Amino acid sequence: MQNQLSIFNTLTRTKEKFEPIHKGMVGVYVCGPTVYSDVHLGNCRTFISFDLIYRYLLHLGFKVRYVRNITDAGHLEGDRDEGDDKFAKKAKLEQLEPMEIVQKYTLGFHDVMREFNTLPPSIEPTATGHICEQIEMIKEIIANGYAYEIKGTVYFDVEKYNKEFPYGQLTNRKLEDLLEGTRELSGQDEKRGRLDFALWIAAKEETLMKWPSPWGWGFPGWHIECSAMSNKYLGETFDIHGGGMDLQATHHTNEIAQSQACNHKAPVKYWMHTNMLTVNGVRMSKTAGNGFLPGELFTGNHPLLEKGYSPMAVRFFMMQTHYRSTLDFSNEALQASEKGYARLITSIKTIDNLKTSAASTSNIKELEKACYAAMNDDFNAPILVASLFEGARIINSVNDNKETITAEDLALLKKLMHSFVFDVLGLKSETSNSSADKALQGAMEVILEIRKDIKAKKDYAASDKLRDDLNKHNIQIKDTKDGPVWSVSE
RNA sequence: GGUCCUGUGGCCGAGUGGCUAGGCUGAGCUCUGCAAAAGCUCCUACUGCGGUUCGAAUCCGCACGGGACCUCCA
């Protein structure tokens with residue numbers, strides 16, 4: 001372990017030293033997507049942020065169990081535990097079975113996560129796969145006196161719970177303040193308290209996704225799945241629970257209440273929340289209609305996009321902002337990241353060509369320290385990136401014979417750049433080894449050989465034309481001291 | 001209305017009570033047949049007004065601007 005990691009805990013609103021419950025092991029639960037439509041870039045940001053966190057914990061040597069669920073049932077359209085769930089609604093629209101909707105968008109989600117080079121979680125449980133666990137948990141909550149049933153629907157009694165536990169602690173709010181923000185109960189409402197939420201919802205005649213329960217046919221409420229599944233795979237109390245900030249006030253607040261009411265203990269030691277992605281200063285969301293899909297981003301096929309951006313350029317763009325800050329999208333910012341990313345990757349490829357000397361002009365050990373210090377300070381990737389650019393500067397300077405490096409330092413620098421850029425930040429070099437690429441490589445060798453002859457005859461007009469023409473096909477030739485180098489641009 | 005967060009150079013974005021992050025852009029220089037790349041140098045900011053302090057962009061207050069949550073959303 002490279003010194004002490006600290007994490008900003010939403011519960012206390014301070015940075016705390018990270019001490020896992022079980023030495024050397026970390027349990028992480030992150031609220032995954034509700035798979036009733038394509039994930040947009042804002043959703044991706046959250047999962048990419050937690051991918052960084054997961055990767056760094058692994059890098060530090062922790063044995064991590066990373067659980068990220070798939071919500072495939074119980075997430076209602078309306079705000080008052082009424083109506084059909086999102087899958088059934090979408091299923092009707094697309095004339096499919098609800099589980100066809102789930103399958104379609106789950107596969108799509110996985111494809112996008114792979115594009116962004118995120119590591120798969122250790123366990124990816126689904127709500128429909130854990131109906132029994134949810135029912136058992138609800139039974140326990142009722143037995144403990146924190147929930148009640150009315151006509152086949154089970155509600156959590158928030159006001160009763162609040163008498164013993166601070167219901168609004170995660171958002172630092174008092175119950176009275178929360179009550180002020182809610183509407184009066186209408187005559188149709190069955191629940192007792194305005195803040196009460198459903199644990200189990202009675203099925204109607206037309207409900208498509210329903211299961212038998214002690215309270216009749218129905219389906220689980222949205223919040224109970226995360227309590228049940230985190231409990232099952234990580235235990236009654238685990239280390240880190242994460243999710244987007246928008247889940248903090250309702251979903252996570254209710255999760256804490258459910259788990260506490262069931263197990264008589266707080267479920268989570270460190271709560272982590274990632275901030276939103278914004279477009280022109282406004283949060284990207286499904287309902288605001290200002291979101292675009294990862295596919296559109298990669299191809300540039302969207303009115304807001306001037307061009308396409310590669311998945312790694314986008315990932316790097318996100319790594320230049322701290323996970324707790326809002327990240328505002330713009331073409332200009334993305335293009336800046338694209339260039340910076342290319343420079344960083346190019347420098348890493350240069351490492352293998354460096355010559356070593358008897359002394360180093362730069363302090364590589366200090367650089368290593370700076371990298372760990374950045375990440376240990378609540379996963380501060382932007383500061384890490386700044387240090388990595390310092391590394392790139394050193395590499396390029398040594399390559400230009402303007403600085404020197406010892407063999408020992410070079411080995412350390414190489415290890416440092418590789419482990420932080422590829423393992424921790426999760427970036428990868430975007431080159432493929434397809435047969436077409438190999439053919440291009442061969443062709444370029446032939447072309448450069450011919451151009452060498454032309455240049456030897458000092459026919460610069462011809463050699464420059466060759467270079468310019470290839471450039472029109474996105475192939476750059478650079479005439480360095482050590483001979484020509486070529487590359488393909490995006 | 002309630003509860004919070006936030007306001008940094010041309011753009012994006014870190015950050016600490018005093019020691020000028022970083023990326024992109026622009027200008028100049030070095031290198032080079034030229035170009036590109038790379039390195040170096042320069043443009044040295046912290047919404048406004050008060051207060052605390054030897055000293056504040058960093059702490060406090062007020063004002064103005066932006067945003068989030070309180071209703072489904074990562």
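Fair warning: this is a prediction, and the values are worked out from it, not measured in the lab.
- For the pairing with Phe47(A), the ring-ring contact (aromatic ring centres under 6.0 Å, His included) check across Tyr323(A), Tyr66(A), Phe109(A) returns one residue only, Phe109(A).
- A donor-acceptor pair under 3.5 Å is absent between the side-chain atoms of Glu296(A) and the main chain of Phe292(A), judged by distance alone.
- The residue Met245(A) sits apart from the nucleic acid: no heavy atom pair falls under 4.0 Å.
- The two residues Glu366(A) and Asn363(A) make their nearest non-hydrogen contact at N-OD1, 3.0 Å.
- Aromatic ring orientation, Phe298(A) versus Phe116(A): perpendicular (interplanar angle above 60°, classes split at 30° and 60°).
- Side chains of Cys44(A) and Met113(A) form a contact here, defined as non-hydrogen atoms less than 4.5 Å apart.
- Classified by interplanar angle (parallel below 30°, tilted 30° to 60°, perpendicular above 60°), the ring pair Tyr56(A)/Phe379(A) is perpendicular.
- For Arg467(A), taking side-chain heavy atoms from C-beta onward, the closest of the listed nucleotides A74(B), A35(B), A14(B) is A35(B).
- Comparing atom distances between the Leu327(A) side chain and each of G13(B), G23(B), A14(B) picks out G13(B) as nearest.
- For C34(B), its base sits under 3.5 Å from the side chain of Asp479(A) at one donor and acceptor pair at least.
- Heavy atoms of Arg173(A) sit under 4.0 angstrom from at least one base atom.
- Nucleotide U32(B) forms no Watson-Crick or G-U wobble pair with any nucleotide shown, as no partner meets the under 3.5 Å limit on both distances.
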So which protein N/O to nucleotides 37-44 of chain B N/O distances come out below 3.5 Å?
residue, atom, partner, partner atom, Å
A38(B), O3', Asn396(A), ND2, 3.1
A38(B), O2', Asp400(A), OD2, 2.7
G39(B), OP1, Arg343(A), NH1, 3.2
G39(B), OP1, Asn396(A), ND2, 3.3
C40(B), OP1, Arg393(A), NE, 2.7

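- Each of Phe317(A) and Gly243(A) lies near RNA chain B, and the nucleotide nearest Phe317(A) is the one positioned closer to the 5' end.
- Toward the 5′ end of RNA chain B lies the nearest nucleotide of Ser387(A), the other residue of the pair Ser387(A) and Tyr460(A) mapping further downstream.
- Considering only side-chain N and O atoms, Lys339(A) lies nowhere under 4.0 angstrom from the phosphate OP1 or OP2 of G23(B).
- Here the nucleotide nearest the side chain of Pro382(A), chosen from C72(B), A14(B), A74(B), is A14(B).
- Residue Asp464(A) places a side-chain atom within donor-acceptor reach of the base of G33(B), judged by atom type and a 3.5 Å distance cut-off alone.
- For Lys414(A) and Asp352(A), the salt-bridge test passes: some basic side-chain N is under 4.0 Å from an acidic carboxylate O.
- Within the shown strands, G61(B) is the pairing partner of C49(B) under the Watson-Crick or G-U definition, both distances less than 3.5 Å.
- In this structure, C11(B) and G23(B) make a Watson-Crick or G-U wobble pair, each of the two defining distances being under 3.5 angstrom.
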